[in-house]
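Lettering of chains follows the sequences in order, A, B, ..., and the numbering in each one begins at 1. Atom set for the values below is all heavy atoms of this structure, side chains included, hydrogens, waters and symmetry mates excluded.
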Number of protein chains: 2
Amino acid sequence: MVKRATIKDVAARAGVSIATVSNVFSGKKAVNPDLAKKVEEAAAALSYRLDRNASQLRSGRVQVVGMLVPNLDDTFFTSLVERVERLAHDDGYEVLVASSRDNPQLEISRLNALLGWRPSGLIAVPCSNAIPQPIRSEIGRLPMVLADRIGEDNLPIDTVTMDNVAAGQAAAELLIPSHRDILIAASNTAIRPIADRIAGISSVVETHYGVRPRIVELTSNINAGAEIFCDWLSREARPEGVICLTNVTTLAALQAFAALNIDIPEDVSLIGFDDYTWMTARKVPLSAVRQPVEEMGQAIWNCLSDRMAGGDVPTRHIVLPGSLQVRRSVRSSTSA
Amino acid sequence: MVKRATIKDVAARAGVSIATVSNVFSGKKAVNPDLAKKVEEAAAALSYRLDRNASQLRSGRVQVVGMLVPNLDDTFFTSLVERVERLAHDDGYEVLVASSRDNPQLEISRLNALLGWRPSGLIAVPCSNAIPQPIRSEIGRLPMVLADRIGEDNLPIDTVTMDNVAAGQAAAELLIPSHRDILIAASNTAIRPIADRIAGISSVVETHYGVRPRIVELTSNINAGAEIFCDWLSREARPEGVICLTNVTTLAALQAFAALNIDIPEDVSLIGFDDYTWMTARKVPLSAVRQPVEEMGQAIWNCLSDRMAGGDVPTRHIVLPGSLQVRRSVRSSTSA
DNA sequence: GACTCTGAGTTAAACGTTTAACTCAACGAA
DNA sequence: TTCGTTGAGTTAAACGTTTAACTCAGAGTC
């Protein structure tokens with residue numbers, strides 16, 4: 001392991017002061033082109049690379065934002081990371097990603113680790129409805145944006161979410177005309193977006209039929225969910241339509257239907273949440289509520305960079321509409 | 001924006017020297033419990049947080065590794081990131097993730113950015129067969145592990161890959177008994193893993209039937225691929241079996257088959273690469289070659305931490321076997 | 001020719017930690 | 001009593017940058 005060249009080594013080799021070397025790289029002050037060339041040659045010869053730690057420590061300017069997500073296995077979150085990373089990078093920022101693995105305790109420690117980098121901004125998708133302590137204590141000190149899983153309303157932090165209630169209503173309204181008995185397949189009914197989707201569906205179903213829809217909880221594990229659902233289907237009356245509130249529940253439901261040889265949409269109609277490419281690569285493409293990931297990423301970055309730019313921006317709570325992708329997994333009203 | 005508390009502020013408030021504060025947090029030297037408590041209280045009161053930049057700059061110890069992947073939209077890479085992040089974190093390391101977006105030029109700039117953090121190790125999945133310059137120049141200076149897309153053999157860097165040739169052979173052998181005309185649906189035949197899979201399939205097909213299998217290139221975009229494939233199917237004789245070499249090509253092929261009303265496995269058999277959960281959530285679950293992501297992540301981390309631990313470990317080239325998941329998308333020999 | 005002004009370079013002081021070297025009191029052993 | 005020895009604390013010097021303050025030659029002005 002060879003010792004790394006520092007700015008001093010470069011300065012010595014180029015026969016200039018370290019300040020000049022710094023100026024060559026930062027462009028803060030003009031330097032004579034001949035000298036600059038010498039410096040660059042010296043740097044190349046020593047394969048010098050600026051030390052971010054030293055640079056950030058001294059300058060105080062940190063072109064870094066932290067991003068916390070509940071996990072990196074869910075395409076929704078990774079897409080969000082991808083979008084934000086792209087936008088951030090275009091603006092000259094690095095993104096530090098951390099996953100809380102849906103564990104509130106780990107979430108706190110990951111947040112503390114992120115904050116130790118002294119980032120200039122923080123983006124977080126909390127893993128529960130609660131706002132974790134490290135975020136609480138940074139309110140007003142650090143530019144922050146929360147997304148997706150926001151438990152409280154009227155937080156003094158910018159938020160970006162989908163309108164889950166409306167999305168649930170839209171899904172329900174697609175089924176209503178030709179389906180009476182509607183089932184909701186949920187993952188964890190405790191977390192806010194899921195609860196909101198349920199509320200949206202329920203309100204529509206209730207006004208039309210005067211009863212609340214049935215709900216089955218399929219956990220966050222596909223195989224476990226499929227088993228639970230098979231079991232449920234063997235005990236309960238088969239619904240006419242199912243709305244699956246997450247990617248995982250959709251897959252669990254599909255597995256169960258395949259196992260029990262139940263056809264979509266002939267035997268039962270299905271609507272999923274989140275629109276994945278695999279949903280359209282089937283003989284019967286799946287209807288789904290598409291989350292506006294692209295727009296959410298954009299909104300998150302807009303909020304954050306506005307806030308990082310300083311100025312007294314009032315707190316914003318951005319709510320984006322989902323869009324219902326109507327495909328063939330829902331029986332049309334003619335056959336009702 | 002309030003100014004952040006430093007170790008000095010904590011020391012002043014607790015009435016001790018900054019060295020003592022440092023010792024309380026690092027545990028390098030014992031301190032009197034009473035004093036320690038005072039320090040902790042002071043730190044809490046000031047909501048002090050250690051500055052990583054300063055700490056790393058001074059100590060030279062950097063519990064950070066960089067990880068470069070071709071993109072964050074492909075579940076294979078994000079799974080790899082997820083596994084590595086988990087293992088790294090358990091060993092007390094932070095992972096810095098960067099995406100090259102399959103762009104060799106961006107790859108270089110992202111690598112330079114990563115290296116500017118002076119990480120203690122680097123993990124990279126190159127976006128092309130070429131080893132990017134920044135990696136080349138770190139050989140022997142920085143612990144590194146390359147994974148998946150390795151163009152050259154016998155590199156003086158640790159590598160972790162799947163045995164793509166064997167995987168291709170296994171897939172071909174599953175089809176051979178009952179399928180004569182086999183088609184390969186590839187994304188980009190230039191990159192090594194794909195080329196190897198093709199080689200594996202071709203060798204088996206050739207020894208059995210004396211001809212090389214046909215190949216169609218479907219790009220890395222699902223919708224474009226589906227269109228190309230529809231077009232291809234309208235011109236060429238329909239194959240008896242298709243082996244799709246990536247997730248994207250599998251989805252493209254499925255879309256095309258759905259559009260043309262071609263049934264699996266009645267009209268054509270299909271084998272995919274990478275085993276995703278959606279593949280089993282269908283009436284006809286898909287056969288696929290499963291990449292050992294979990295084991296690859298583990299192998300990557302093992303290699304890297306061995307190398308970071310120092311010592312003259314000889315260069316290792318770890319090749320892990322894929323596993324063929326046989327499901328119903330392949331017509332059995334009885335119907336041949 | 002004396003003057004300011006500018007531009008390009010240097011010097012040296014930070015930034016917030018860690019840590020080697022030091023101090024000093026308390027304790028035993030001889 | 002004397003003399004290490006130990007343990008717990010302090011002091012101050014780094015780490016590799018950035019940057020305010022400075023120097024100094026050369027150009028422009030009157």
* Sub-4.0 Å heavy-atom contacts from residues 39-48 of chain B onto DNA chain C, ordered by number -> B:Y48
* Structure fact -> salt bridge (charged side-chain N to carboxylate O under 4.0 Å, His left out) pairs touching residues 62-72 of chain A, sequence neighbours excluded, are none
* Asked: Does B:V97 reach the side chain of B:L68, with side-chain heavy atoms less than 4.5 Å apart?
  -> no
* Asked: Is any NZ, NE, NH1 or NH2 atom of the basic residue among A:E294 and A:R86 found under 4.0 Å from an Asp or Glu carboxylate oxygen of the other?
  -> no
* Asked: At under 4.0 Å between heavy atoms, what does B:L35 touch on the DNA or RNA strands: base, sugar-phosphate, or nothing?
  -> sugar-phosphate
* Asked: According to the ring pair (Phe, Tyr, Trp, His ring centres under 6.0 Å) rule, which pairs have a member within residues 4-50 of chain B, sequence neighbours left out?
  -> B:F25-B:Y48
* Asked: Looking across every strand, which nucleic acid part, if any, lies under 4.0 Å from A:S17 by heavy atom: base, sugar-phosphate, or nothing?
  -> base
* Sequence neighbours excluded, which residues qualify as side chain to side chain contact (heavy atoms under 4.5 Å, CB included) partners of A:V31? -> A:T20, A:N23, A:V24, A:A36
* **More than 12 heavy atoms from other groups under 6.0 Å of CG on B:D90** => yes
* To do: Mind listing the closest non-hydrogen atom pair of A:R118 and B:L50 along with its distance?
  => NH2-C, 3.5 Å
* Counterpart residues, side-chain hydrogen bond (donor to acceptor under 3.5 Å, both in side chains), relative to B:S137 (two or more places apart) -> none
* Asked: Can you name the side-chain hydrogen bond (donor to acceptor under 3.5 Å, both in side chains) partners of A:D9, sequence neighbours left out?
  -> none
* If you look only at pairs with a residue in residues 143-154 of chain B, which of them pass as a salt bridge (charged side-chain N to carboxylate O under 4.0 Å, His left out), with sequence neighbours excluded? -> B:D102-B:R149, B:R136-B:E152, B:D153-B:R192
* To do: Quick one: label A:S55 by what it contacts on the DNA or RNA (base, sugar-phosphate, nothing), any heavy atom closer than 4.0 Å.
  => sugar-phosphate
* Given DNA chain D, 5'-ward residue of the pair B:A54 and B:A19, judged by closest heavy atom -> B:A19
* What residues, two or more places apart in sequence or in another chain, satisfy side-chain hydrogen bond (donor to acceptor under 3.5 Å, both in side chains) together with B:N32? -> none
* To do: Taking side-chain hydrogen bond (donor to acceptor under 3.5 Å, both in side chains) as the test, write out the residues that go with B:R52, two or more places apart.
  => none
* Nucleotides bounding contact with chain B, strand DNA chain C, heavy-atom threshold 4.0 Å -> C:dG16 to C:dA21
* **Derivation and outcome, side-chain hydrogen bond (donor to acceptor under 3.5 Å, both in side chains), residues A:W301 and A:D91** => CA-CA 10 Å; A:W301 187 248; A:D91 283 1; 2.8 Å; yes
* Asked: Which of residues 23-33 of chain A have a heavy atom under 4.0 Å from DNA chain D?
  -> A:K28, A:K29
* To do: Assign B:R49 to base, sugar-phosphate, or nothing according to its heavy-atom contacts below 4.0 angstrom with the strands shown.
  => sugar-phosphate
* Would you jot down, in residue-number order, the residues of residues 56-63 of chain A having a non-hydrogen atom under 4.0 Å from DNA chain D? => A:R58, A:S59, A:R61
